[in-house]
Chemist: 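Before we start, here is the structure in question, set down as structure tokens.
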Protein chains: 2
Amino acid sequence: MNPSIKQLKAFVAVARSRSLAEASERVHLSQPALSIAIRKLEETVGGPLFARTTRQLSLTPEGEAFLPVALRLLNDWEEAFADLNELFSKQRGKITLAALPTLAAGLLPGIIADFRERYPRINLSLHDVLADEVNQQVREGRADLGFSVPPLASEDLVFEPLVVDRYVMICPLEHPMLGQPSVRWEQLAGFPFIGLNRLSSVRQDIDRIMEEVGQPLDILCDVNQIATVGRMVAAGLGIGVLPSLSFRQIATDGIEQRPLVAPTIRRELGIVMRRRDPLSAATSALKAMIRETANRSCHGP
Amino acid sequence: MNPSIKQLKAFVAVARSRSLAEASERVHLSQPALSIAIRKLEETVGGPLFARTTRQLSLTPEGEAFLPVALRLLNDWEEAFADLNELFSKQRGKITLAALPTLAAGLLPGIIADFRERYPRINLSLHDVLADEVNQQVREGRADLGFSVPPLASEDLVFEPLVVDRYVMICPLEHPMLGQPSVRWEQLAGFPFIGLNRLSSVRQDIDRIMEEVGQPLDILCDVNQIATVGRMVAAGLGIGVLPSLSFRQIATDGIEQRPLVAPTIRRELGIVMRRRDPLSAATSALKAMIRETANRSCHGP
DNA sequence: CACACTTACGATATTCGTAAGGATT
DNA sequence: AATCCTTACGAATATCGTAAGTGTG
């Protein structure tokens, strides 16, 4: 026979008021029920916690010694479950995100703002890193959610598409390519090219396609920031290729764009998660919010 | 709806084995019962602790965070009740006694030895002090049990008689008083007297009686130790008065004794306790042992 | 006689185990 | 086919409240 939380609460209430009648009100129990609860508790612990004189209750030395322990036990108990409840009710928690710079700067800020307004006590942290690093952080649990391109066939990661982006060529105003409504990839070979970091997913896409069409790019230089590509192109140094969503995030004065075709590349962007580990309640709520936003803005796959 | 200890134990068991089937054996519960217990716990805490895939269970981030907390909670719980149980089963505890030197040296050593053999883990401490100090220590809760003469009418103390002692006169061998089988108190006035400390209950008894019989004592000196009285008397310095029980505790070579009569004083010795505060289980056991010993040795009141 | 705790007993609620169902490996 | 979790349902257990009992001030 084991003691229960209720019995412990009963003990504390009686110990404090030294009266069953008074304590029974505090515990929302009838007097006889309380009497029995105390008796059962005493049976399980092996001795009397109270000394009875038919009309009065007082703590035995053992009861006296146990009272502070019981209080601590109950406090810890309540606190532990209150904490857990806060976690589930999203009044507390921490979410770590890893996202491609494009998404970190484009899709996420608005969503994060909404999320923060709804759940202000949830701690959010966002790592804007390249695709491989996004996947790596998710894989290792350093990020709860990743925003990236689909990871290479990976046992432990799962990808959920969010939006589909397409590549555009960007060039200075009055560039010869602007005479046509769209640009074929193979045509890129004829001009100096401002490229992104070779490790970026955008650049790897581009290199792969150019290899497929059999034309080498004339790389003028590689840069890390998308905005830098834009400025260099605006300055007339060459042309570049950016995802359409990235293009919207940079200053476009002095730049024109044309869609890239033949082939038309679908750049799928979405959520990366660990396959087995479930999401926390807060992370799950954030993900739902993201899905909703993505669907509403009609960029769905 | 509140969580229960059983549910917490169920959670821990399942979290450890990541399987209901395996955990159900450890908890001595059927698989369905465990399933329901977990489900109810999850309902009360407001969210899933485990992620289910019909065939496999894994901890959610919240469950992961809660597991160590749950373990601590259960540990504290078990420990608290184990401690309490030790107290009641007298495998642990502390008893502080206060006793007159006569009793501390006479009645108690044997009883304490027996008690210690039976309950070796109970910590015993014995203060051998004068009657007033015995009562004071009991009154203030510094001692759990006192052994003394009956306290002056006292609201908060209660006295239970154990043994009755009588006073004897002691004198050197071949003393003139030895010619008679008993000595009257008034006869004490004629000889140099070795007295005990004026604060001792023995001395206060003697002074009171001598006042009643109207004869002043011829005090040679006052000493603190009973054994000292004996040696001074043996050296022929004078006569003395001791309780019979005390007399048995000292070296008696060179000393003779005679009972004191007219009046014959009953020196009642017994247990002093606080009236309202109940005894601890250990103290109660010790008291019972003392009563039994006192009754068996036929010194009952 | 009033008050405070205990005991008795019928009612309610919770929990349990067996049996059946559904999904995955 | 075997294993694992879930749902369904009747049974056992525990707990509760009302009512009656007991001893004290």
Side-chain angles (χ1 to χ4, degrees), chain A residues 1-45 47-60 63 74 77 81 155-156 158 275-278, chain B residues 1-45 47-60 63 74 77 81 155-156 158 275-278:
Chain A
M1 208 180 269
N2 279 321
S4 73
I5 300 288
K6 278 196 174 181
Q7 286 169 350
L8 208 62
K9 283 183 179 171
F11 165 72
V12 168
V14 175
R16 284 219 259 236
S17 59
R18 314 242 291 234
S19 147
L20 284 191
E22 191 180 328
S24 65
E25 294 176 7
R26 292 180 138 269
V27 195
H28 305 296
L29 229 62
S30 72
Q31 203 179 74
L34 227 187
S35 176
I36 290 172
I38 297 291
R39 188 167 56 76
K40 286 206 145 190
L41 178 60
E42 289 178 326
E43 280 170 17
T44 72
V45 300
L49 264 3
F50 294 98
R52 278 99 158 148
T53 63
T54 61
R55 217 177 153 69
Q56 205 165 344
L57 289 179
S58 64
L59 282 166
T60 60
L74 284 180
W77 185 267
F81 283 98
E155 253 308 305
D156 49 355
V158 53
R275 181 176 303 274
R276 319 230 170 267
D277 291 0
Chain B
M1 207 181 269
N2 280 322
S4 73
I5 300 288
K6 279 195 175 184
Q7 286 169 350
L8 208 62
K9 283 182 179 171
F11 165 71
V12 168
V14 175
R16 285 218 259 236
S17 59
R18 314 235 298 229
S19 147
L20 284 190
E22 192 180 328
S24 65
E25 294 175 7
R26 290 181 140 270
V27 195
H28 304 295
L29 228 63
S30 72
Q31 203 178 75
L34 228 188
S35 177
I36 290 171
I38 297 290
R39 188 168 57 75
K40 286 206 147 191
L41 178 60
E42 289 178 325
E43 281 170 16
T44 71
V45 300
L49 263 5
F50 294 98
R52 279 99 157 149
T53 63
T54 61
R55 210 178 158 70
Q56 204 165 345
L57 289 179
S58 65
L59 282 166
T60 60
L74 284 180
W77 184 267
F81 283 98
E155 251 310 303
D156 49 355
V158 53
R275 182 176 302 276
R276 319 227 171 269
D277 291 0

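Everything numeric in this text was worked out from a predicted model, so none of it was measured. All chains are named by letter (A, B, ...) in the order of the sequence lines, taking the proteins before the strands, and each is independently numbered beginning at 1.
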Chemist: Quick one: A/Leu41 CG to D/dA14 P, roughly how many Å, whole number?
Modeler: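 Rounding to the nearest Å, CG of A/Leu41 and P of D/dA14 are 16 Å apart.
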Chemist: Output one letter per nucleotide in nucleotides 20-25 of chain D: B when a protein non-hydrogen atom lies under 4.0 Å from the base, S when only the sugar-phosphate is that close, - when neither is.
Modeler: ---BBS
Chemist: Would you list the protein and nucleotides 11-13 of chain D atom pairs, both N or O, that sit under 3.5 Å from each other?
Modeler:
none

Chemist: Using a 4.5 Å cut-off on heavy atoms from C-beta on, say whether the side chain of B/Lys9 contacts that of B/Val12.
Modeler: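 Sidechains of B/Lys9 and B/Val12: no contact.
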Chemist: To the nearest 0.5 Å, how far apart are NZ in A/Lys6 and NZ in A/Lys40?
Modeler: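 Rounded to the nearest 0.5 Å, the NZ-NZ separation comes out at 12.5 Å.
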Chemist: How many whole angstroms separate atom CG of A/Leu34 from atom C1' of D/dT15?
Modeler: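 Those two atoms, CG and C1', are 12 Å apart.
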Chemist: Of all the heavy-atom pairs spanning A/Arg276 and A/Glu155, show the shortest one and how long it is.
Modeler: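 Looks like NH2-OE1, 3.8 Å.
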Chemist: Within the distance-only criterion (no hydrogens, no angle test), does the side chain of B/Ser35 pair as donor or acceptor with the backbone N or O of B/Gln31 below 3.5 angstrom?
Modeler: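 No, because the side chain of B/Ser35 does not come within donor-acceptor range (under 3.5 Å) of the backbone of B/Gln31.
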Chemist: Quick one: closest heavy-atom pair of B/Leu41 and B/Thr44, and the distance?
Modeler: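 Scanning both residues completely, I find the closest heavy atoms to be O-OG1, 2.9 Å.
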Chemist: Contact boundaries of DNA chain C with chain A (under 4.0 Å, heavy atoms), 5' to 3'?
Modeler: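 Using the under 4.0 Å cut-off, the span is C/dC3 to C/dT7.
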Chemist: Does any part of the side chain of A/Ile38, heavy atoms only, come nearer than 4.5 Å to the side chain of A/Arg52, both counted from C-beta?
Modeler: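 Touching, per the 4.5 Å side-chain cut-off.
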Chemist: Does the side chain of B/Arg39 get closer than 4.0 angstrom to OP1 or OP2 of D/dT6 through an N or O atom?
Modeler: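 No, outside the criterion.
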Chemist: Is there a side-chain contact between B/Asn2 and A/Ile5 in this structure, where contact means two heavy atoms from C-beta onward sitting under 4.5 Å apart?
Modeler: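 No, too far: nothing below the 4.5 Å cut-off.
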Chemist: Go through residues 21-31 of chain B and report each residue with a non-hydrogen atom lying under 4.0 Å from DNA chain D, sorted by number.
Modeler: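 Here the set is B/Ala21, B/Gln31.
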Chemist: Give the table of side-chain donor-acceptor pairs shorter than 3.5 Å for residues 18-30 of chain B, with sequence neighbours excluded, one pair per line with atom names and distance.
Modeler:
{"residue": "B/Ser19", "atom": "OG", "partner": "B/Ala21", "partner atom": "N", "Å": "3.3"}
{"residue": "B/Ser19", "atom": "OG", "partner": "B/Glu22", "partner atom": "N", "Å": "3.0"}
{"residue": "B/Ser24", "atom": "OG", "partner": "B/Leu20", "partner atom": "O", "Å": "3.3"}
{"residue": "B/Ser24", "atom": "OG", "partner": "B/Ala21", "partner atom": "O", "Å": "2.6"}
{"residue": "B/Ser30", "atom": "OG", "partner": "B/Ala33", "partner atom": "N", "Å": "3.3"}

Chemist: Counting only side-chain nitrogens and oxygens, does A/Lys6 get under 4.0 Å of the OP1 or OP2 atom of D/dA14?
Modeler: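 So the side chain of A/Lys6 is outside the cut-off, no N or O lying under 4.0 Å from OP1 or OP2 of D/dA14.
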Chemist: Around atom CD of B/Gln56, are there more than 12 heavy atoms from other residues, nucleotides or ligands closer than 6.0 Å?
Modeler: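 Counting other residues, nucleotides and ligands, CD of B/Gln56 stays at 12 neighbours or fewer.
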Chemist: By ring-ring contact (aromatic ring centres under 6.0 Å, His included), which residues pair with A/Phe81, not counting sequence neighbours?
Modeler: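 Here the qualifying residues are A/Trp77, B/Phe66.
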Chemist: For the residue pair B/Thr60 and B/Ala51, what are the closest heavy atoms and their distance?
Modeler: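 That closest heavy-atom pairing would be CG2-N, 3.9 Å.
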